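The next block holds one structure in the form of structure tokens; read it before the comments.
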Amino acid sequence: MAKTIAAVATGNSVSGIGVIRISGDRAIEIAQKVFKALDGTPLSELKGYTAKYGKVYSNGESFDNAVALVFRNPKSYTGEDVVELSVHGGIFIVEKTLETVLAAGAEPAQAGEFTKRAFLNGKIDLAQAEGVAALISAQGQEAAKVSFNLLQGSLSKEISGVLDELINCSSLMAAWVDYPDEEIPELDEDSLKETLQTAKDALEKLLKNYENGIVMTQGVDTAIVGKPNAGKSTLMNMLSGVEKSIVTHIEGTTRDIVENSVRLGNIVLHLSDTAGIRESEDIVESIGIKKAIEKMDAASLVLAVFDSSAELGDEDRMLMNACKGKPCIAVINKTDLPEKIDTNQISSQFDRIVYISAKNNEGTDALEQAIKEQLGVENFDSSQPILANKRQKQCVANAYAHICQALEGAQMGITYDAINVMIDSAVDDLLSLTGKKATEEVVNNIFSRFCVGK
Ligand code: GDP
């Protein structure tokens with residue numbers, strides 16, 4: 001019998017209500033020791049999906065009003081008996097309720113243990129469980145949509161479709177190889193190749209969409225670079241809507257990297273406003289410049305800021321050079337002032353140029369559009385199945401490699417049993433994605449990254 005676990009399911013801050021979740025065979029019995037309904041009905045007499053209003057007690061003394069919500073196995077999040085106690089959301093009250101529940105016989109839940117139980121009890125597969133984690137950490141509309149689709153099983157369905165075809169094909173081939181004298185419909189070569197090609201196309205599409213999915217779900221590391229006074233901090237402030245970077249007239253004040261995550265339309269940018277790129281005698285500042293170049297190298301997106309009210313200088317040219325071969329957008333700032341900059345020189349170096357006045361908050365829409373184009377996500381469709389993390393991508397990449405081998409083998413006319421080995425490997429790769437064949441280590445690793453209470 002698995003132990004009965006309990007944890008606070010709501011955040012660790014003061015709020016209207018706090019929820020303590022209890023799951024396991026003894027959930028109802030334990031909750032009953034702590035909670036008494038006002039009408040006297042014992043929780044053990046309640047059907048699933050039923051709530052009762054009452055009080056929570058510690059050592060015979062009530063300490064808060066509460067609602068107990070009972071779920072009966074298997075119709076609960078974990079697939080076990082579950083009771084959720086909603087109390088007032090003060091940190092003390094919530095902690096006290098949890099302590100009382102633990103004293104009544106529950107064990108503290110580990111990180112992600114409720115969702116792990118849902119997975120082990122077959123309520124959701126591993127990809128869906130990862131959807132839960134992704135949904136909780138989603139920072140924007142698109143990330144939430146993609147994660148919700150993952151949780152709803154969009155990726156799992158796509159993978160199951162491929163798996164069904166492969167398993168069907170593999171069992172026909174195995175039967176044909178093992179029992180050559182039996183009346184087994186022979187797999188004709190064309191339909192074998194067609195099945196493999198269809199699987200290959202489906203997996204390839206998922207792999208191609210991976211980067212875009214990551215951009216939409218996890219955000220983009222973005223470096224804002226440019227010579228001192230070009231307006232980097234002002235741009236960062238415009239995007240952040242808060243005064244985080246120090247804006248000043250004295251050159252070289254943005255010495256260290258200021259990090260901030262902002263949402264631009266449906267994309268989250270993890271911004272670093274770096275020190276201006278230029279040669280510097282000042283040690284502190286030159287360290288900042290080194291960091292700026294490192295940041296630029298590591299960033300998935302670089303916003304190179306130029307001051308339109310000044311002529312192009314050596315520092316701008318240094319920047320233009322440093323941007324070569326990087327995913328850069330030229331941002332020409334201070335368009336509210338008379339233009340002195342030679343934009344032809346800039347347009348010869350950058351694929352995308354955006355004109356803004358950071359000070360006047362002008363140009364965000366154009367910047368958003370340019371960023372989407374640069375990242376290739378302007379037509380991103382969040383209803384498509386998406387690979388949400390490196391693990392899922394690796395499983396699909398492995399399966400894809402095996403399918404490619406099998407297809408090549410089929411085209412070269414190698415034996416069915418050799419092809420079948422490759423198909424079986426691809427099947428294993430996909431089963432480890434959904435968790436049917438994932439090792440305990442992989443499963444534990446996934447759930448250890450969840451928060452306690454989920
Ligand atoms: P940084 O050194 O690149 O971070 O530049 P700052 O953001 O500190 O800006 C330098 C100066 O330019 C400040 O006085 C800003 O107010 C001014 N500035 C920034 N953006 C604009 C703009 O769009 N128009 C005008 N007129 N001034 C700006």
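Counting starts at 1 for both ligands and their atoms, following the listed order. Bear in mind the structure is a predicted one, so any value in this text is a computation, not a measurement.
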Next on the checklist: Is there a polar contact, in the sense of an N or O pair closer than 3.5 Å, between Asp336 and ligand 1?
Outcome noted: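 Checking ligand 1 against Asp336, an N or O pair does fall under 3.5 Å apart.
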Close-contact set for ligand 1 against [X] heavy atoms, below 4.0 Å:
{"X": "Gly231", "result": "1 (P), 3 (O), 5 (O), 6 (P), 7 (O), 9 (O), 19 (C)"}
{"X": "Leu337", "result": "26 (N)"}
{"X": "Pro228", "result": "2 (O)"}

Next on the checklist: I'd like to check the ring pair (Phe, Tyr, Trp, His ring centres under 6.0 Å) partners of Phe450; sequence neighbours left out, ordered by chain and number.
Outcome noted: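 Partners of Phe450 under the ring pair (Phe, Tyr, Trp, His ring centres under 6.0 Å) test: Phe447.
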Next on the checklist: Is the contact between Thr234 and ligand 1 made by the side chain, the backbone, both, or neither, using heavy atoms and a 4.0 Å cut-off?
Outcome noted: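 For Thr234, backbone and side-chain atoms both sit under 4.0 Å from ligand 1.
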Next on the checklist: Quiz question: by atom type and distance under 3.5 Å, do the side chains of Asn321 and Arg317 form a donor-acceptor pair?
Outcome noted: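 Side-chain D/A pair, Asn321 to Arg317: absent.
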Item to check | Distance-only side-chain donor-acceptor flag, His402 / Asp429, under 3.5 Å | outcome: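 A pair is found: one side chain offers a donor N or O, the other an acceptor, under 3.5 Å apart.
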Next on the checklist: Going by the closest heavy atom to atom 10 (C) of ligand 1, which one wins out of Asn237, Asn229, Asn360, Ile224?
Outcome noted: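 Comparing heavy atoms across Asn237, Asn229, Asn360, Ile224, the nearest one to atom 10 (C) of ligand 1 lies in Asn229.
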Next on the checklist: Just to be sure I'm reading this right: ignoring hydrogens, which of Lys359, Glu362, Lys227 gets closest to atom 22 (C) of ligand 1? Compare them by their nearest heavy atoms.
Outcome noted: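 Going through Lys359, Glu362, Lys227 one by one, Lys359 has the nearest heavy atom to atom 22 (C) of ligand 1.
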Item to check | Test log, rule salt bridge (Lys or Arg N to Asp or Glu O under 4.0 Å), inputs Glu311 and Lys340 | outcome: CA-CA 5 Å; Glu311 286 178 10; Lys340 288 204 186 140; over 6 Å; no
Checklist entry - Between Lys454 and Glu113, is there a salt bridge with N-O shorter than 4.0 Å? => result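 Salt bridge absent between Glu113 and Lys454.
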Next on the checklist: The criterion is salt bridge (charged side-chain N to carboxylate O under 4.0 Å, His left out); which residues satisfy it with Lys436, sequence neighbours excluded?
Outcome noted: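 Residues passing salt bridge (charged side-chain N to carboxylate O under 4.0 Å, His left out) with Lys436: none at all.
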Checklist entry - Is ligand 1 less than 4.0 angstrom away from at least one heavy atom of Ala358? => result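 Yes, Ala358 has a heavy atom closer than 4.0 Å to ligand 1.
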